[in-house]
There are 2 protein chains.
Amino acid sequence: MTFEKERSAGFLANHMARLFANGLQQRIRPLGLAPAQFMTLLALWEEDGLTQRELVQRLSVEQATMANTLIRMERDGLIERRSHPEDGRSQSIHLTAKAVGLREPATQAARAQNEAALADLSEDERMLFLGLMRRAIASMQAG
Amino acid sequence: MTFEKERSAGFLANHMARLFANGLQQRIRPLGLAPAQFMTLLALWEEDGLTQRELVQRLSVEQATMANTLIRMERDGLIERRSHPEDGRSQSIHLTAKAVGLREPATQAARAQNEAALADLSEDERMLFLGLMRRAIASMQAG
DNA sequence: ACTAGTTGAATAGCATGCTATGCAATGATA
DNA sequence: TATCATTGCATAGCATGCTATTCAACTAGT
């Protein structure tokens, strides 16, 4: 029974995501950021002071993954942790001035990468593409 | 300037690819396979005896990545290396009987995962989706 | 044939992700 | 309130990927 990888949604999704990540990495490396750090900053730029648990929910990664990303971000001076006043187990994650200052150049880099990926698509096709990805994500989350 | 991750092709692609990989992993774990091993087997089932360099080209991963995947596959009894008769630097990678026997159940698992992801899409939408992913891949490879 | 450049792999080092555990702080309940 | 379950994080261990480096084997040009 044939199984052609070029016709497999999973294979294409994997390849596409690696190209996105590599492209973004090239663009944000000069800023001292890595892709997962950028993704985490997106959530914190939107709302500072989230707990690790809230970050996990918003970015859909496992808790252990987020814990490790936060360790590297703290090491790189992007965040600092403050003890949570109401729950001794958790901490709130706060952006440093450095991280706040990276918002514009970093999001600009991400926009440029998205533009490079979708350069060949019309505006309608782009909307369609995003919608299809969302539906695939929803199906997998449901299953 | 706002940058909403849910409207970012890169963010969605990353999330979707992780869900694909996680789903596939669940399905092929009983077979003793990991996602990258499966991807490599896809190429070798199609043509046995490829060199590491040829695998790298067909799967679009870096040489170092493939080298490490092959080490794990050899450890797991999926492949064996034979010295190349014409080039002392390279080896040809050959499937073991075990790996050959995994073809049907493994590709079936991958089909099931693709089906789960695309369950909500019509046949036309699926074709459209694959085409859009290929075009995004092509754009990023070109840029 | 020699030297110089190229090419195929291995290895080191690190970022992301995941599963599985362990632990301490909270909560809920008998 | 003493106990048990839940919850928030940290850590260990491993798979994938990438870049950078190194080395040996092959090629080409002189």
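A note on names: the letters A, B, ... follow the listed sequences, proteins ahead of strands, and every chain is numbered from 1. The structure presented is a predicted model; accordingly, all values stated were derived computationally and were not measured.
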**Message:** Quick one about A/Q63 and A/Q52 (side-chain donor to acceptor, distance below 3.5 Å, no hydrogens or angles considered), yes or no?
**Reply:** yes
**Side chains of A/N22 and A/R18, donor plus acceptor under 3.5 Å** =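 No pair is found: no donor N or O on one side chain lies under 3.5 Å from an acceptor on the other.
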**Complete:** Heavy-atom nearest nucleotide on DNA chain D taken for B/D76 and for B/E86; more 5' hit belongs to B/D76
Pairs of donor and acceptor atoms involving the side chains of residues 4-11 of chain A, under 3.5 Å and at least two apart or interchain, shall be tabulated with distances.
| residue | atom | partner | partner atom | Å |
| --- | --- | --- | --- | --- |
| A/S8 | OG | A/G10 | N | 3.4 |
| A/S8 | OG | A/F11 | N | 3.3 |
| A/S8 | OG | B/N114 | ND2 | 3.0 |

**Prompt:** Is there a side-chain contact between A/E115 and A/R126 (heavy atoms, below 4.5 Å)?
**Reply:** yes
**Prompt:** First and last nucleotide of DNA chain C touching chain A, 5' to 3', heavy-atom cut-off 4.0 Å?
**Reply:**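 From 5' to 3', the first and last contacting nucleotides are C/dA15 to C/dT26.
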**Request:** Applying salt bridge (Lys or Arg N to Asp or Glu O under 4.0 Å), name anything that partners B/E54, two or more places apart in sequence or on another chain.
**Result:**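 Per chain and number, B/E54 pairs via salt bridge (Lys or Arg N to Asp or Glu O under 4.0 Å) with no residue.
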**Prompt:** Which residues pass the salt bridge (Lys or Arg N to Asp or Glu O under 4.0 Å) test with B/D120, sequence neighbours left out?
**Reply:** A/R135
Sort me out a list of protein N/O and nucleotides 8-11 of chain D N/O pairs below 3.5 Å, or just none if empty.
| residue | atom | partner | partner atom | Å |
| --- | --- | --- | --- | --- |
| D/dG8 | OP1 | A/R53 | NE | 3.2 |
| D/dG8 | OP2 | A/R53 | NE | 2.8 |
| D/dC9 | OP1 | A/Q91 | N | 3.4 |
| D/dC9 | OP2 | A/R53 | N | 2.8 |
| D/dA10 | OP1 | A/R81 | NH1 | 3.2 |
| D/dA10 | OP2 | A/Q52 | NE2 | 2.7 |
| D/dA10 | N7 | A/Q63 | NE2 | 2.7 |
| D/dA10 | N6 | A/Q63 | OE1 | 3.0 |

Would you check if the side chain of [X] reaches a backbone N or O of [Y] as a donor-acceptor pair within less than 3.5 Å?
| X | Y | result |
| --- | --- | --- |
| B/T51 | B/S92 | no |
| B/Q26 | B/G23 | no |
| B/S139 | A/A119 | no |
| A/Q108 | A/P105 | no |

**Item:** Close approaches to DNA chain C from residues 7-30 of chain A, in residue order (heavy atom, under 4.0 Å)
**Value:**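 The answer is none.
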